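Okay, here's the structure, questions in a sec.
The basis for the numbers below is simple: all heavy atoms, side chains too, and nothing from hydrogens, waters or symmetry mates. Quick note: residue numbers are just sequence positions, from 1. These figures come from a predicted structure and were not determined experimentally.
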Amino acid sequence: MKLKEQEAIIEGILFAMGESVEISRLAEVLEISQAELRDILQGMIKQYSEENRGIQIIEIENAVQMCTKKELYEYLIKIAKQPKHHVLTDVLLETLSIIAYKQPITRLEIEKIRGVSCAHAINKLLEYNLICELGRLDAPGRPLLFGTTEAFLRNFGIQSIEELPVLNQDQLEEFKQQAEEEMNLKLNV
């Protein structure tokens with residue numbers, strides 16, 4: 001099979017699926033190794049960039065997805081009129097960051113860290129598809145476990161959780177102190 005034919009097959013699959021497709025599945029369909037597939041994908045990514053196309057291929061963990069370049073968002077909203085752009089409040093961001101760094105994590109564990117109920121925040125993050133239920137903890141009551149989704153990775157422009165910034169000990173202490181001060185203010189009200 002010629003390179004152009006392989007590229008056309010990859011492009012067609014990614015366009016039709018509209019979501020990420022595992023690299024191993026694409027390689028299987030094309031009957032080539034994953035290394036060969038990655039070479040083809042890198043060529044396609046470079047070609048789209050050099051030709052200043054409106055689409056791009058992004059890698060998310062061990063999968064790839066075709067999507068619109070973020071620079072074109074302002075034009076898309078003129079057509080879509082109701083873009084899927086969710087506003088993340090401080091509460092949602094705080095809850096999301098706890099889940100991202102501690103996953104898989106239960107609601108109770110999140111509430112212990114935050115010091116307040118987080119049911120609303122979890123429901124909103126589920127609605128926005130930034131987190132998902134990963135199963136249940138093998139403990140009394142079998143509480144749900146939460147973790148981040150591919151949409152989270154896409155929205156924050158990272159390929160995997162390992163790319164999250166590492167917090168140093170000074171930052172952690174500062175965050176703990178801020179959380180304690182916030183709790184004291186709430187208790188005194």
What's the separation between atom CD1 in I131 and atom CG in L126, rounded to the nearest 0.5 Å?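 Result: 4.0 Å between the selected atoms.
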
When clusters are formed by joining ILVMFWY residues with side-chain heavy atoms under 4.5 Å apart, either directly or through shared neighbours, do M44 and I58 land in the same one?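 No, no single cluster joins them.
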
Distance from I45 atom CD1 to I57 atom CD1, nearest 0.5 Å?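 Here the rounded value is 5.5 Å.
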
Nearest-0.5 Å distance that lies between atom CZ in F15 and atom CD1 in I55: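 Nearest 0.5 Å value for the CZ-CD1 distance: 8.5 Å.
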
Same cluster or not: are L153 and L125 linked, directly or through other Ile, Leu, Val, Met, Phe, Trp or Tyr residues, by side-chain heavy atoms under 4.5 angstrom apart?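 Yes, L153 connects to L125 through the hydrophobic network.
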
So if you build clusters from Ile, Leu, Val, Met, Phe, Trp, Tyr with side-chain heavy-atom gaps below 4.5 Å, do L134 and L130 land together?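 No; tracing contacts between hydrophobic side chains, which count when under 4.5 Å, never links both residues.
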
Look at R25 together with E28 and state whether they make a salt bridge at an N to O cut-off of under 4.0 Å.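 Between E28 and R25 there is no salt bridge, as every charged N stays at least 4.0 Å from the carboxylate O atoms.
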
Considering non-hydrogen atoms only, spot the tightest contact between C118 and E111 and give its length.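 Heavy atoms only, the tightest pair is N-OE2, 3.1 Å.
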
Between K124 and E127, does at least one N-O distance fall below 4.0 Å, as a salt bridge requires?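 A salt bridge is present here (some side-chain N lies under 4.0 Å from a carboxylate O).
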
Under the side chain to side chain contact (heavy atoms under 4.5 Å, CB included) criterion, do I10 and L37 qualify, and how do the steps go? CA-CA 9 Å; I10 293 167; L37 179 70; 3.5 Å; yes

Report, as yes or no, whether the 6.0 Å neighbourhood of atom CD on E31 holds more than 12 heavy atoms from other residues, nucleotides or ligands.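 Count not over threshold, so no.
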
Same cluster for V64 and L3 if Ile/Leu/Val/Met/Phe/Trp/Tyr side chains link at under 4.5 Å?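 Hydrophobic grouping puts V64 with L3.
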
Non-hydrogen side-chain atoms of Y73 and T68 separated by less than 4.5 Å: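 No, side chains not in contact.
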
Check R107 against A119 and note the closest heavy-atom contact, atom names and distance.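 Where R107 meets A119 most closely, the heavy atoms are NH1-CB, 3.6 Å.
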
Out of curiosity, L30 CG to M1 CE, how far, rounded to the nearest 0.5 Å?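 Answer for the CG-CE pair, L30 versus M1, is 6.0 Å.
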
Nearest-0.5 Å distance that lies between atom OG1 in T95 and atom CG in D90: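 T95 OG1 to D90 CG: 10.5 Å, rounded to 0.5 Å.
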
For a side-chain hydrogen bond (donor to acceptor under 3.5 Å, both in side chains) with Y48, tell me which candidate from E11, K69, Q56 qualifies.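 Answer after filtering E11, K69, Q56: E11.
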
Take atom CZ in F156; do more than 12 heavy atoms of anything else shown fall under 6.0 Å from it?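 Correct, the count exceeds 12.
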
Give the minimum heavy-atom separation between G147 and Q103, together with the two atoms involved.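 The answer is CA-OE1, 3.2 Å.
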
Heavy-atom pair of closest approach, residues R136 and R142: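 That would be NH1-O, 2.6 Å.
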
Is the shortest side-chain heavy-atom distance between E19 and E150 below 4.5 Å?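 The answer is no; the side chains never approach within 4.5 Å.
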
Using the rule that Ile, Leu, Val, Met, Phe, Trp and Tyr join whenever any side-chain heavy atoms are under 4.5 Å apart, tell me whether I13 and I60 fall into a single cluster.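 They do not share one cluster, since no chain of ILVMFWY contacts under 4.5 Å joins I13 to I60.
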
Apply salt bridge (charged side-chain N to carboxylate O under 4.0 Å, His left out) to R38 and list each qualifying residue two or more places apart in sequence or on a separate chain.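 Salt bridge (charged side-chain N to carboxylate O under 4.0 Å, His left out) check on R38 returns E59.
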
Partner of L145 under side chain to side chain contact (heavy atoms under 4.5 Å, CB included), chosen from I99, L137, I105: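 The residue from I99, L137, I105 that satisfies side chain to side chain contact (heavy atoms under 4.5 Å, CB included) with L145 turns out to be L137.
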
Measure the shortest side-chain to side-chain distance between K102 and I110 over non-hydrogen atoms and say whether it is less than 4.5 angstrom.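 K102 vs I110: side chains apart.
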
On a heavy-atom basis, which atom in S20 and which in A63 lie closest, and how many Å separate them?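 Scanning both residues, the minimum pair turns out to be CB-CB, 3.9 Å.
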
So, does T148 use its side chain to make a donor-acceptor pair with the main chain of A100 at under 3.5 Å?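 Answer holds: no.
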
Side chain to side chain contact (heavy atoms under 4.5 Å, CB included) between Q6 and E36: does it pass, once the steps are laid out? CA-CA 11 Å; Q6 291 172 321; E36 290 172 297; over 6 Å; no

4.5 Å side-chain heavy-atom contact, L26 and L14: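 Yes, close enough: below the 4.5 Å cut-off.
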
Measuring from atom SG of C132 to atom CG of L144, what distance do you get when rounded to the nearest 0.5 angstrom?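 Going from SG on C132 over to CG on L144, the span is 11.0 Å.
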
